[in-house]
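Input: a single structure, listed below in structure tokens.
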There are 2 protein chains.
Amino acid sequence: MTLRYIILGLLNYMSMTGYDLKVFMDRSINFFWSAELSQIYRELSKLEGLGYVNYRIEPQEGRPDKKIYSISQEGNIAFIEWLRDFPDTLSTPSRNEFLVRIFFSSKLKKEELILHFEDYIRELTKELKIYEPIDKKLSEKLIGKDCEDDIFYHKLTVKRGLSFARSEISWAKECIEELKKIL
Amino acid sequence: MTLRYIILGLLNYMSMTGYDLKVFMDRSINFFWSAELSQIYRELSKLEGLGYVNYRIEPQEGRPDKKIYSISQEGNIAFIEWLRDFPDTLSTPSRNEFLVRIFFSSKLKKEELILHFEDYIRELTKELKIYEPIDKKLSEKLIGKDCEDDIFYHKLTVKRGLSFARSEISWAKECIEELKKIL
DNA sequence: GAATTCATGTAACTTGTTACATGATTTA
DNA sequence: TAAATCATGTAACAAGTTACATGAATTC
């Protein structure tokens, strides 16, 4: 269901094609949710069936015509409803393959496992370097504006990205230390 | 694919029924992976088809007979292979519904959002209280043993649970502060 | 000359969720 | 008396992934 509401939420910003939605998602929400184009198209058809979105066709030459989707009033109501009933139990079960692998790593050479932790740190450092300029940019955009603005909330998620990455890096470093002790 | 290797990994510890696997998972790996019984049974059939597991039947009275699964040699080879080729790109896409909701929260009253952050903090505090005694227990078990032991690796994942929960709590507190500033 | 962008999708598949069914025994 | 535990599963559905197809225009 989450993808459904992401689409409605984004169409609230502006009307878009399925392709646009994919591009938009890849550049924003992708840090904490992802979806394939095929999934987006499928969901758009369902949303249309529900009357939550409408589309108009913009003809193109040499390319398939654009279907520009907009959110309907009913769609907007459904979106707000979803937003308001935040699940109390932290709904989506967390799945983390990296941790599964660590859990079973007794079967791995310590040196090898250390390399994996180092890879992990490298990945997260890259992420930090992506988040930092975004954080700055959003801060600049926010100056003088009040909090009604979406940017304020986007920034909260970017801050979380920063704090998460830093915390993971320091955990991974501790793991490497522990492993080196008993090498 | 991850569930497949979790099952193989657990059967490496000991032979079990599908039901046992579910119970075992719920008490350990559940913090970073979960699966329904129906999914486990389905995967066990597939694994049997692949020759990665075998089972013997233990008859029972008044209850369905037990099917006690063991890992085969081929299964063990497949498991080790999986463990060795750690994906370089941090494979499974992270999905976090809570963050999606925060991203779109401009449509929510600030007071309401603060309540959601407080719920989140409460959840994570509960988690901390679960992890802390586990961490202690594992530390005690580890004394005098060397690192070949699975417990050492399990403890790394528990440490991560602690560090994650603490980091999330402090982020959520900051968010509340930010929101109160502009209330 | 090869890959990427733009824009639509379909089809087949895997994975995860929910609901249902059975039936004795134990616990609250 | 209701529910949880033990133990098997099936069926239907929802969500996510991967591969395929089209075809012009642009960038490397």
Side-chain angles (χ1 to χ4, degrees), chain A residues 1-8 15-27 29-30 32-50 53 55-69 82 87 89-97 100, chain B residues 1-8 15-27 29-30 32-50 53 55-69 82 87 89-97 100:
Chain A
M1 280 298 95
T2 307
L3 175 60
R4 160 165 308 175
Y5 297 102
I6 290 172
I7 291 176
L8 292 176
S15 298
M16 283 186 260
T17 67
Y19 187 88
D20 293 337
L21 282 164
K22 169 67 173 158
V23 173
F24 204 112
M25 278 188 70
D26 282 351
R27 290 187 189 156
I29 243 158
N30 196 248
F32 40 87
W33 207 277
S34 62
E36 295 302 321
L37 246 178
S38 58
Q39 226 184 320
I40 292 172
Y41 285 129
R42 183 167 57 191
E43 194 58 42
L44 280 170
S45 317
K46 276 192 205 167
L47 285 169
E48 205 214 322
L50 288 164
V53 300
Y55 65 89
R56 60 184 174 81
I57 290 178
E58 196 180 281
Q60 297 204 122
E61 278 163 36
R63 296 205 167 157
D65 294 345
K66 281 188 181 186
K67 277 187 173 183
I68 303 178
Y69 287 89
W82 171 78
T89 302
L90 257 12
S91 51
T92 28
S94 55
R95 294 201 163 89
N96 186 324
E97 193 186 333
V100 172
Chain B
M1 280 298 95
T2 308
L3 176 59
R4 162 165 307 175
Y5 297 103
I6 290 173
I7 291 176
L8 292 175
S15 298
M16 283 186 260
T17 67
Y19 186 89
D20 292 337
L21 282 164
K22 169 66 174 160
V23 173
F24 205 112
M25 278 188 70
D26 282 350
R27 290 186 188 155
I29 245 158
N30 196 248
F32 38 89
W33 206 276
S34 62
E36 295 301 321
L37 247 179
S38 59
Q39 226 184 321
I40 292 171
Y41 285 128
R42 183 166 60 193
E43 194 58 43
L44 280 170
S45 317
K46 277 192 203 166
L47 284 169
E48 205 214 321
L50 287 164
V53 300
Y55 67 88
R56 61 183 174 81
I57 289 176
E58 199 180 278
Q60 298 204 123
E61 279 162 36
R63 297 206 166 154
D65 295 345
K66 280 189 183 185
K67 279 188 173 184
I68 302 176
Y69 286 89
W82 170 78
T89 300
L90 257 12
S91 50
T92 28
S94 54
R95 295 203 162 88
N96 185 325
E97 194 187 331
V100 173

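Residue numbering restarts at 1 for every chain, and letters A, B, ... go by the order of the sequence lines.
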By a strict heavy-atom criterion of less than 4.0 Å, which residues belonging to residues 36-45 of chain A are in contact with DNA chain D?
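Output list: A:Glu36, A:Ser38, A:Gln39, A:Arg42.
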Would you say the side-chain atoms of A:Lys66 pair up with the backbone N or O of A:Met16, donor to acceptor, closer than 3.5 Å?
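The answer is no, because no donor-acceptor pair under 3.5 Å joins these two groups.
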Would you check, one step at a time, whether the test side-chain contact (heavy atoms from CB on, under 4.5 Å) holds for A:Met25 with A:Ser34?
CA-CA 7 Å; A:Met25 278 188 70; A:Ser34 62; 5.7 Å; no
Would you mind reading off the distance between [X] atom [atom1] and [N] atom [atom2], rounded to a whole angstrom?
| X | N | atom1 | atom2 | answer |
| --- | --- | --- | --- | --- |
| A:Asp20 | C:dT5 | CG | C1' | 12 Å |
| A:Glu58 | C:dC6 | CD | P | 15 Å |
| B:Asp65 | C:dA24 | CG | P | 15 Å |
| A:Phe24 | C:dT5 | CZ | P | 18 Å |
| A:Met16 | C:dA7 | CE | P | 13 Å |
| B:Tyr19 | C:dG23 | OH | C1' | 14 Å |
| A:Ile68 | C:dC6 | CD1 | P | 14 Å |

Minimal non-hydrogen separation, B:Asp65 against B:Gln60, with atom names
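Residues B:Asp65 and B:Gln60, closest heavy atoms: OD1-N, 3.1 Å.
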Please give me the minimum heavy-atom distance between B:Thr92 and A:Glu97, naming the atom from each residue.
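Here B:Thr92 and A:Glu97 meet closest at OG1-CB, 3.4 Å.
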Measuring only between side-chain heavy atoms, which start at C-beta, is [X] closer than 4.5 Å to [Y]?
| X | Y | answer |
| --- | --- | --- |
| A:Arg95 | B:Thr2 | no |
| A:Leu50 | A:Arg4 | yes |
| B:Lys67 | B:Thr17 | no |
| B:Phe32 | B:Ile29 | yes |

Touch class at under 4.0 angstrom, heavy-atom based, for B:Lys46 against every strand present:
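The residue B:Lys46 makes sugar-phosphate contact but no base contact.
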For C:dT17 and A:Arg95 - does any side-chain N or O of the residue sit under 4.0 Å from the phosphate oxygens OP1/OP2?
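Answer yes for this pair, as a side-chain N or O of A:Arg95 is under 4.0 Å from OP1 or OP2.
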Establish, with yes or no, whether the OP1 or OP2 oxygen of C:dA7 is under 4.0 angstrom from a side-chain nitrogen or oxygen of A:Gln60.
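Yes, A:Gln60 has a side-chain N/O under 4.0 Å of OP1/OP2 on C:dA7.
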DNA chain D: B:Lys66 or A:Leu3, which has the more 5' nearest nucleotide?
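Checking each residue's closest nucleotide, the 5'-ward one belongs to B:Lys66.
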A:Trp82 vs A:Tyr5 aromatic rings, parallel, tilted or perpendicular, using cut-offs 30° and 60°?
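Plane angle under 30°, so parallel.
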What is the first contacted nucleotide of DNA chain D and what is the last, in 5' to 3' order, if contact means an atom lying under 4.0 angstrom from a heavy atom of chain B?
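First-to-last contact on DNA chain D, by the 4.0 Å heavy-atom rule, is D:dT5 to D:dT17.
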